[in-house]
Participant: 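Take a look at this one; I'll ask things after.
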Amino acid sequence: METTTTRVLVKRYSPPQPSPYFQSFELPFSNDMTVLDLLTKIKENEDGSLTFRSSCRMGMCGSCAMTVNGKPVLTCQTYAKDVVKENKPMLVEPLRNFPVIKDLIVDIGDVFEKMRSTMPYVERMEKKAIADGTYKQSSKERKKLEKTSQCIKCMICYSACPVYGYEKDFIGPAAAALAERYNQDSHESAEHKNERMNTITSEKGVWKCSFVGECSSACPKRVDPAQALQRLKIMGSLHIAKEVTKKIINKP
Amino acid sequence: MSSFNTDIAIIGGGGAGLRAAIAAAEENPELSVLLISKVYPVRSHTVSAEGGIAGVMSEDDSHEKHCFDTIRGSDYLADQDAVEFFVNEAPKEIIQLEHWGCPWSREENGDVAVRAFGGMSTKRTVYAADKTGFYMLHSLFERSLKYPNIKRLDEYFVTKLVTDFDSTGGETNNEKRAEAMPSEKHTEAENISAKTPRVIGCIAMNLQTGELVSISAKTTILATGGAGKVYSFTTNALIKTGDGMALAYKAGAELKDMEFVQFHPTGLPRTGILITEGARGEGGYLLNNLGERFMERYLPNKMELGPRDIISRSIMSEIKAGRGFSGPYGEYVHLDIRHLGEEKINEKLPLVREMSLDFAGVDPINEPIPVMPVVHYSMGGVATNVNAKSSLKGLFAAGETACVSINGANRLGSNSLAECLVFGARAGLECAKECKSSKLIHVSARELADEENRIAELLQRTGSKTVATVKTKLQEIMQKHAGIERDHEGLVIGLNQILSLKRELKNIELGDKAKLFNTELTGYLELENMFVIAEAILRSALDRKESRGSHTRSDFTERNDEEFLHHTHVLQDQKATMSLSRKPVTITKWKPQPRVY
């Protein structure tokens, strides 16, 4: 197979080093090689200390998200030929907006806690015993979850989000999509939704989203978190109005 | 923090591990459950399972039929008591997941939908488009966030299981183990002698800091998945290096039926990425270079919906007969789903389309997909009983790591996701029960220090080999000598090559000497595990001088029930070498008969 040679600049950082630096590699690639294939080749043949995450290499597990030529992508499904520009090196950096642990590995623990705060599980309205079988759900109801349930938690949207960059309290795109996914579930109870909306409308909730939509453009699974955020803002406003009314009415 | 105490330690955060954690947490909110995984749970390989999950869900299906299909599919090597238990529990688990919000695909009337799958006599595979594993894994993970008593150690790599033999000092482990070795040939897992070691916890490395920690646990569950990465061409994720099986083996547990490695008929050339059996379940054809649906020649009654071992062998026969296609990455056949039409492909098989486009440059709406048989699943694993108990006290295993065995010599597609749930839940409940009566034994500081020294030495070691070169060599040997078709000569060569390559481990110098997130170091530790798996596969395959299920011997082409209707167990003996024994298959009511479809 035909090969081309490219220069790859990889951002390296390994504490206790004081600051990151770029390391340059020159290597051939063929048309069917992904950016992840290139990094693996570098690790195996050039520098074993280069550190990155990867696992399924088929775009499902979300491990290998990095910034390539300034854009956050899954490197296992980004082909080198598509990102190599003539006479320009390919630039591989860690995801933005996260603390870097080492080289291309970032600390994403914060987002998993944000996800936990959305209570991402169904509490049924009426509880059936296992022996009574499954619930009905129409294709139309199932379709409502279609987009939001595709999230693989790769963190690309957080890397693309300009707000999360400076405002770590913002719940952010993927956690919002997750909240919306469970809000839209036809079996979710009103009470549980209400509880979730309390989180969503808190200071750490959705309000800081400035709707630039970068998250949706960057999402490799077409989850459209920007849309989820907008819906949650609308639902959130109604939720707050309702809560306030309730308080006024219930006032002794 | 350098030590943790917990009631239940679960190693592995995929389908089986998460299900175990939730089962235990729900059973008793007072229990502490520690979920330890070398990757974030949502990165686990369950995420890549595509086609579906089997369980008797419709009125025209029956437990009897699912049992028989599974047993016949296993080439009569499945333990039938385990199969009956499994078949009975599988629908409950599917319903349970639905109650928790897992978005199964639906029929028109709002019921959970089922599709056809290979070797199943009726439609009984529940699915969520063709991303079933992904939806299951994320539903389980999200559900697990509900329970405050489930604590996670994400990105912790377990380097060793610790037993009470390790911690008492004095005699060496091997001497103790020699005493513990059962004298009679057939020991039931339940029949554990007083001298059997008890697993009391493990040592794990926090990858994000490089620090080693000791974890003391009343009970430990292994749920680390399979070992496809011991081959060079596999559907498996990079993380699937057989860690749990190797950890168990090194602690003194028995592994079972390791010779049985499933080749999935339809992997994409070069990457080995899986194209789901669901594609054939929905009506896809396999075609040779003459455009013939060649399964007509081998399995006219089942055609493309035969069990995986038979379809994979049929593809190889077509290729051998010159009826395959040649490409830069080997010979292949075509999987054609064009006739299903764009709408059905997009609705039921979106991932097939995505994968074909992304990784083979083919749009299956307009072109057939190139496919070839590829290593997919380890039928063998840690020997467990129906209650997910291993041969060691305090140690359980579930999912692909374990071998109960419901899969025998060949697993039916869509039984494995159900197996993760059924035996994951079982392991969680059994541990919860055992925790009531068992005491926590602390992993000693010396044990931790020993492991710290071992790792420190690895980091300092100099040598001429790299992790990558030795790993690649191991994979090539296995691909060549322990593949779809095996024979005595090839297996002997393979075993000798693996044993001599193993000596090269000592010559490996790590390309990274840092403490923090050292993936060279974890790569090395995984490689050590892979040697255990490779040796177990080769030795077990050599011992089985017959063809059964996925294990095809060109020098013994027939199944031989008289001599080989037994499980192969391997165990580390007193000289720290691998010893084999044979144990009976549990037959309840399905007497072995020729496997005719």
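Proteins come first, then strands; the chains are lettered A, B, ... in the order of their sequence lines, and each starts at number 1. All values below were derived from every heavy atom in this structure, side-chain atoms included, with hydrogens, water molecules and symmetry-related copies excluded.
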Participant: Quick one: what part of A:I130 sits under 4.5 Å from any heavy atom of chain B, side chain, backbone, both or neither?
Facilitator: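 Both the backbone and the side chain of A:I130 come within 4.5 Å of chain B.
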Participant: Could you look at A:M58 and say if it's the side chain, the backbone, both or neither that has a heavy atom under 4.5 Å from chain B?
Facilitator: both
Participant: Does any heavy atom of chain B fall under 4.5 Å from the side chain of A:E141, the backbone, both, or neither of them?
Facilitator: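 For A:E141, no heavy atom lies under 4.5 Å from chain B.
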Participant: Give, as side chain, backbone, both or neither, the part of A:R116 having an atom under 4.5 angstrom from any heavy atom of chain B.
Facilitator: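 Its backbone and side chain both get close to chain B.
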Participant: Return the option, out of A:S139, A:S138, A:G133, with the maximum number of heavy-atom pairs under 4.5 Å with chain B.
Facilitator: A:G133
Participant: Taking side chain as everything from C-beta outward and backbone as N, CA, C, O, which of these in B:L351 sits under 4.5 Å from a heavy atom of chain A? Side chain, backbone, both or neither.
Facilitator: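 For B:L351, side-chain heavy atoms alone lie under 4.5 Å from chain A.
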Participant: Go through the atoms of A:I101 and report whether side chain, backbone, both or neither lie under 4.5 Å from a heavy atom of chain B.
Facilitator: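 Both parts, backbone and side chain.
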Participant: Mind checking whether A:I152 and A:L74 have side chains closer than 4.5 Å, heavy atoms only?
Facilitator: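 Touching, per the 4.5 Å side-chain cut-off.
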Participant: Find the one option among A:H187, A:R53, A:Q77 whose heavy-atom pairs under 4.5 Å with chain B are most numerous.
Facilitator: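 Of A:H187, A:R53, A:Q77, A:R53 has the most heavy-atom pairs under 4.5 Å with chain B.
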Participant: Select one option (side chain, backbone, both, neither) describing which atoms of B:E107 are under 4.5 Å from chain A's heavy atoms.
Facilitator: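 Only the backbone of B:E107 comes within 4.5 Å of chain A.
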Participant: Can you say whether B:N109 sits under 4.5 Å from chain A via the side chain, the backbone, both, or neither, judging by heavy atoms?
Facilitator: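 Both parts, heavy atoms under 4.5 Å.
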Participant: If you count heavy-atom pairs under 4.5 Å with chain B, which of A:D132, A:I108, A:T40 comes out on top?
Facilitator: A:I108
Participant: Given the options A:L178, A:D185, A:T51, A:T118, which has more heavy-atom pairs under 4.5 Å with chain B than any of the others?
Facilitator: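 It is A:T51.
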Participant: Give a yes or no on whether the ring-centroid distance for A:Y121 and A:H192 is below 6.0 angstrom.
Facilitator: yes
Participant: Picking from A:M119, A:K43, A:M115, which has the most non-hydrogen pairs under 4.5 angstrom with chain B?
Facilitator: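 When all of A:M119, A:K43, A:M115 are compared, A:K43 has the most.
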Participant: Does any heavy atom of chain B fall under 4.5 Å from the side chain of A:N45, the backbone, both, or neither of them?
Facilitator: neither
Participant: Please flag which part of A:R142 lies under 4.5 Å from any non-hydrogen atom of chain B: side chain, backbone, both or neither.
Facilitator: side chain
Participant: What part of B:K131 gets closer than 4.5 Å to chain A, counting heavy atoms only: side chain, backbone, both or neither?
Facilitator: side chain
Participant: How far apart are the closest heavy atoms of B:G267 and B:V374, and which atoms are they?
Facilitator: CA-CG1, 3.5 Å
Participant: Pick one of side chain, backbone, both or neither for A:L50, based on which atoms fall under 4.5 Å of a heavy atom in chain B.
Facilitator: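 Just its backbone gets close to chain B.
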Participant: Of the backbone (N, CA, C, O) and the side chain (C-beta and beyond), which part of A:K128 lies under 4.5 Å from a heavy atom of chain B, both, or neither?
Facilitator: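 Backbone plus side chain of A:K128, per the 4.5 Å heavy-atom cut-off to chain B.
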Participant: Checking heavy atoms, do the side chain of B:E347, its backbone, both or neither come under 4.5 Å from chain A?
Facilitator: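 No part of it gets close to chain A.
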Participant: Using ring pair (Phe, Tyr, Trp, His ring centres under 6.0 Å) as the criterion, list what pairs up with A:F112, not counting sequence neighbours.
Facilitator: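 A:F112 satisfies ring pair (Phe, Tyr, Trp, His ring centres under 6.0 Å) with B:Y40, B:F141 once adjacent residues are dropped.
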Participant: Given heavy-atom pairs under 4.5 angstrom as the criterion, report whether the side chain, backbone, both or neither of B:V42 touches chain A.
Facilitator: both
Participant: Given heavy-atom pairs under 4.5 angstrom as the criterion, report whether the side chain, backbone, both or neither of A:F52 touches chain B.
Facilitator: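 The backbone, not the side chain.
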